[in-house]
Amino acid sequence: MKGDRREGGVFRQEGEVVRQRRAKLVRLRDAGRDPFRMTRFDRTHLAREIREAFDSLEGDQVRVAGRLVAQRRHGKAAFADLQDLSGTIQLLFRVDQLGEERYGDLRDLDDGDIVGVEGKVCRTRTQEITIAVTNFALLAKALRPPPEKWHGLRDVEIRYRQRYLDLIANDDSRRIFIVRSRVIGSLRRFLEEQSFLEVETPMMQPLHGGALARPFVTHHNALDIDLYLRIAPELYLKRLIVGGLEKVYEIGRVFRNEGISTRHNPEFTMLEAYQAYADYRTIMELIESMVARAAADSLGSTRLDRDGCEIELSPPWRRVSLYTAIEEKLGVTPERLETADSAREVCSELGLPAGPEILLSTMIDNIFGRFVQPTLIEPTFVTDYPTAVSPLAKARADNPKLAERFEPFVAGLELGNAFSELNDPEEQRGRFEQQARARAAGDQDAHPMDDDYVLALEYGMPPTGGLGLGVERLVMALTGAPSIRDVILFPQMRPQTE
RNA sequence: GAGCCGUUAGCUCAGUUGGCAGAGCACCGGACUUUUAAUCCGGGUGUCCUGGGUUCGAAUCCCAGACGGCUCACCA
C-alpha cells in the first residue's frame with residue numbers, strides 16, 4: 001500500500017486512521033461479524049419524530065438507524081449522536097443494560113459508522129431526549145472518518161467534489177437541497193393545478209434552438225449524424241402548442257457550452273411553460289403566483305430575509321421598462337439609447353466597452369446588467385427588450401423595435417425570460433434569416449435557421465405566452481445561496497489529474 | 001480566456017528574518033455510569049499541491065505547472 005497522499009482537495013489518504021479502521025474491519029470479519037453482510041434494518045422512527053412526539057413515546061421501545069456522528073464515552077456508560085435524514089438523536093449505552101460483552105462491542109464503533117439501534121425512549125438528567133440502547137448492530141463500517149464535527153467541512157473543493165461529505169457535515173447544505181426538491185415539487189403541483197400538461201421533448205436535437213447560446217455536440221453512430229444537446233426545449237414545446245395541447249410545460253436539463261461562474265453551470269434545470277391564448281402579461285401573473293407559491297411551499301413563507309432586507313414575493317410584482325429602470329438608476333434618458341452613436345457615448349461615460357463593433361442592443365444590455373440588475377432586489381418584471389435580441393418573441397404592435405418580452409428579477413438575480421410567442425411563420429423565417437446572417441458574420445450564439453419549426457408555424461399556432469425559468473436561480477434567490485454550485489449537487493468541475 | 005488570492009496532519013488553521021513541522025478538534029493508550037465541542041493523563045499520526053531552480057540549508061525565495069475561489073470577459 002502506498003503511503004499518504006493528497007491530491008488537490010480530495011482526500012485519498014491512507015493514514016493511520018484508515019489503517020486502524022481497516023484492522024478493525026478485519027477483526028470483525030474474523031469474528032464472523034462482517035458488517036457488510038448486514039441487509040435490512042427495520043426502523044420504527046426517525047430521529048425528529050422521536051423528539052417531536054416524545055411525550056407519547058416516552059418509555060416505548062423504538063428502532064432507529066443512521067450514521068454515528070459523535071461519541072462521548074464514560075467508562076461504564078457512553079453517549080453517542082446518531083444522524084439520520086431528519087436530524088440527530090442521542091443514544092445512551094450502559095454496561096448494566098447491555099452486559100459486559102455487548103458493551104465491549106462498542107469498541108467496534110467509530111464515528112461515521114452506520115448503525116441500527118433498539119432501545120427505550122427516555123430523557124437524561126439534562127433533559128436531552130435519548131434512546132437508552134438495549135441492542136445495536138453495526139450495519140456498515142466507515143473506513144474513513146467523517147469531516148470534523150466542530151468546524152465542519154469548509155473546503156469548497158471537497159464540498160463540491162465529494163458532496164456526500166458536505167451533506168453529512170453541513171446542515172445548511174442539506175437544507176438547500178431539500179428546499180430545491182420542494183421547489184420543483186411545488187412548481188409541478190402549481191402547473192398541474194392550472195391544467196398544464198407535463199411533457200418531455202428531445203435532449204438530443206439535430207438543430208439546437210430556442211435560445212442564444214453555444215451547444216455541446218455529440219454523435220449518433222448508427223445514423224452517423226451529429227446531434228446537439230439541447231440549449232432549450234422551446235421550439236419543441238411550441239410545436240406541441242401547434243398540435244393543440246394548449247398548456248404544456250417541461251422541467252428538465254439544458255446544456256450550454258459556455259463559461260462557468262457563480263451563476264452559470266454548463267448543465268442546469270429549466271422550467272419552460274407555454275399557454276395558448278395568453279400573452280406575456282398573462283405569463284407575468286403566472287410567474288408571480290407560481291414563485292410565491294414555491295416560496296411558501298419550500299420555506300413556509302413568501303417573505304425572504306436577505307442581508308437584513310425583506311423581500312416580499314406575493315403578487316403583484318413591480319413592472320418596469322428596461323429604459324425606465326436605466327433612467328431611474330443612472331439618469332440616462334431613453335432618447336440617449338435610441339441610436340448606437342449616442343449609446344456609445346453613454347457607455348464611454350460609464351466605463352463600459354464602447355467599441356464600434358458593439359451593437360446597440362449589447363450596449364443596452366451591458367448598461368442594464370452592470371448597473372441596474374444588481375439593484376433589482378424586490379421582485380421585478382423588466383419589459384421592453386429590443387426585438388433584435390428576441391428572435392422568437394412577438395414584436396409590440398405600437399413599436400416593432402421592442403418585443404412583448406420581460407425578464408423576472410429577484411434578489412438581483414435574473415430568474416428567466418418570457419414573452420408573447422412569435423406565431424407569424426413569415427416573420428419567424430425573416431428573424432431566423434437575420435440570425436443566420438449574424439451567425440455567418442461570426443456570432444456563434446446566433447440562432448440557426450430552423451425550417452422545420454417554421455413549417456410547424458405555417459400550420460397555425462394560436463397566440464401563446466411562454467416562459468423559461470432557471471430553477472437553480474430560483475433556488476438561489478429563495479435560499480440566498482451565493483453560488484449556483486451550492487444548489488447543484490454535482491456541479492461541473494475540472495477533472496483532477498493524477 | 002485575463003487578473004488577483006489560495007493549497008501545511010483526518011478536519012479547521014498557525015507557521016516570525018530561510019535554520020529539527022505546530023495548535024485545537026479527530027485518532028491511539030489509560031481513568032471515568034447522565035454526557036452533549038464531556039473531562040483528566042500520555043502519544044504527533046505529515047509527499048508542507050507537483051516539478052525544477054537558488055542556497056550549507058527551502059513550507060518559506062525564484063521559475064513552470066495542477067487544482068480551486070473571487071473578479072472580469074463570455075454567457076440569460
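Protein chains get the first letters and strands the later ones, always in sequence-line order, with residue 1 at the start of each.
Pairs of residues two or more places apart, or lying in two chains, that qualify as side chain to side chain donor-acceptor pair (under 3.5 Å) and include a residue from residues 69-81 of chain A are Q71(A)-R73(A), Q71(A)-D111(A), R72(A)-D81(A), R72(A)-Q90(A).
Comparing atom distances between the V156(A) side chain and each of G68(B), C32(B), C11(B) picks out G68(B) as nearest. In the set C13(B), G69(B), U33(B), the nucleotide with an atom closest to the side chain of R485(A) is G69(B). For Q20(A), the listed nucleotide lying nearest its side chain is C27(B); candidates were C75(B), U33(B), C27(B). Of the candidates C28(B), U34(B), C67(B), the closest approach to any side-chain atom of R161(A) belongs to C67(B). The R154(A) side chain lies nearest to U12(B) when the options are U12(B), A38(B), C67(B). Considering only the side chain of E258(A), C75(B) comes nearest among G68(B), C75(B), U34(B). The side chain of E128(A) lies closest to U35(B) when the candidates are U35(B), G68(B), C70(B).
For the P atoms, the distance from G43(B) to C25(B) is 15 Å, rounded to whole Å. Going from the C1' atom of A58(B) to that of C63(B) covers 15 Å, rounded to whole Å. If you take atom C1' in U39(B) and the same atom in C32(B), they sit 9 Å apart, rounded to whole Å. Comparing the same atom, C1', in C67(B) and in C20(B) gives a spacing of 31 Å after rounding to whole Å. A distance of about 10 Å separates the C1' atoms of A14(B) and U8(B), rounded to the whole Å. With both ends at atom P, the span from C11(B) to U50(B) equals 15 Å, rounded to whole Å. Spacing of C1' atoms, G57(B) relative to G65(B), comes out at 25 Å, to the nearest Å. Taking the P atoms as reference points, G22(B) lies 14 Å from G46(B), given to the whole Å.
The shortest distance between the side-chain N/O atoms of R494(A) and the OP1/OP2 oxygens of C67(B) is below 4.0 Å. Listed pair R125(A) / U35(B) meets the phosphate criterion, a side-chain N or O lying under 4.0 Å from OP1 or OP2. Taking only side-chain nitrogens and oxygens, R19(A) never comes nearer than 4.0 Å to OP1 or OP2 of C27(B). Distances shorter than 4.0 Å separate some side-chain N or O of R72(A) from OP1 or OP2 on A38(B).
Pairing partner, C75(B): none, since no Watson-Crick or wobble contact has both distances short of 3.5 Å. Using Watson-Crick or G-U wobble geometry with both donor-acceptor distances under 3.5 Å, G3(B) finds its partner in C70(B). Across all strands shown, U35(B) forms no Watson-Crick or G-U wobble pair with both key distances under 3.5 Å. Across all strands shown, U12(B) is found opposite A23(B) as a Watson-Crick or G-U wobble partner, with both distances under 3.5 Å. Base pairing analysis places A64(B) opposite U50(B); the two distances defining the Watson-Crick or G-U wobble pair are each below 3.5 Å. When both distances must be under 3.5 Å, the Watson-Crick or G-U wobble mate of G44(B) does not exist.
Here the P atom of nucleotide C74(B) and the CG atom of D443(A) are 12 Å apart, to the nearest Å. Atom P of nucleotide G69(B) and atom OH of Y160(A) are separated by 7 Å, given to the nearest angstrom. Distance CG (L68(A)) to P (C27(B)): 10 Å, rounded to an integer number of Å. Summarising the geometry, the separation between CG on D155(A) and P on C67(B) is reported as 16 Å, rounded to the nearest angstrom. Following rounding to the nearest Å, R107(A) (CZ) and G30(B) (P) show an atom-to-atom distance of 6 Å.
Relative to the six-membered ring of F406(A), R319(A) misses at least one condition, a distance below 6.0 Å or an angle of at most 45° to the axis.
Considering E258(A), H208(A), H447(A) as possible partners of I231(A), the one that fulfils the side-chain contact (heavy atoms from CB on, under 4.5 Å) test is H208(A).
The residue R73(A) sits close to a base: some heavy atom pair falls under 4.0 Å. Residue-level contact check: D445(A) touches the backbone only, with heavy atoms under 4.0 Å from sugar-phosphate atoms and none from bases. Across all strands, R94(A) comes closer than 4.0 Å to base atoms (heavy-atom distances). Contacts of Y103(A) with the nucleic acid, taken as non-hydrogen atoms under 4.0 Å apart, are absent. No contact: R370(A) has no heavy atom under 4.0 Å from any strand. When heavy atoms are screened at a 4.0 angstrom cut-off, T262(A) is found touching the sugar-phosphate backbone but no base atom.
Counting non-hydrogen atoms of other residues, nucleotides and ligands closer than 6.0 Å to CD of E101(A) gives a total of 12 or fewer.
Side-chain N/O atoms of Q90(A) and base N/O atoms of U35(B) include a donor-acceptor pair closer than 3.5 Å.
Using modelled atom types, one finds no donor on one side chain facing an acceptor on the other under 3.5 Å when comparing T282(A) with Q275(A). No side-chain donor-acceptor contact under 3.5 Å links R396(A) and T383(A).
Checked by atom type and distance alone, the side chain of R431(A) pairs as donor or acceptor with a backbone atom of S390(A) at under 3.5 Å.
Heavy-atom nearest nucleotides on RNA chain B were determined for K76(A) and for D111(A), and the one closer to the 5' end corresponds to D111(A). Nearest-nucleotide mapping onto RNA chain B: of P146(A) and F79(A), the residue sitting toward the 5' end is P146(A).
The residues D171(A) and R174(A) are annotated as salt-bridged, a charged nitrogen and a carboxylate oxygen being separated by less than 4.0 angstrom.
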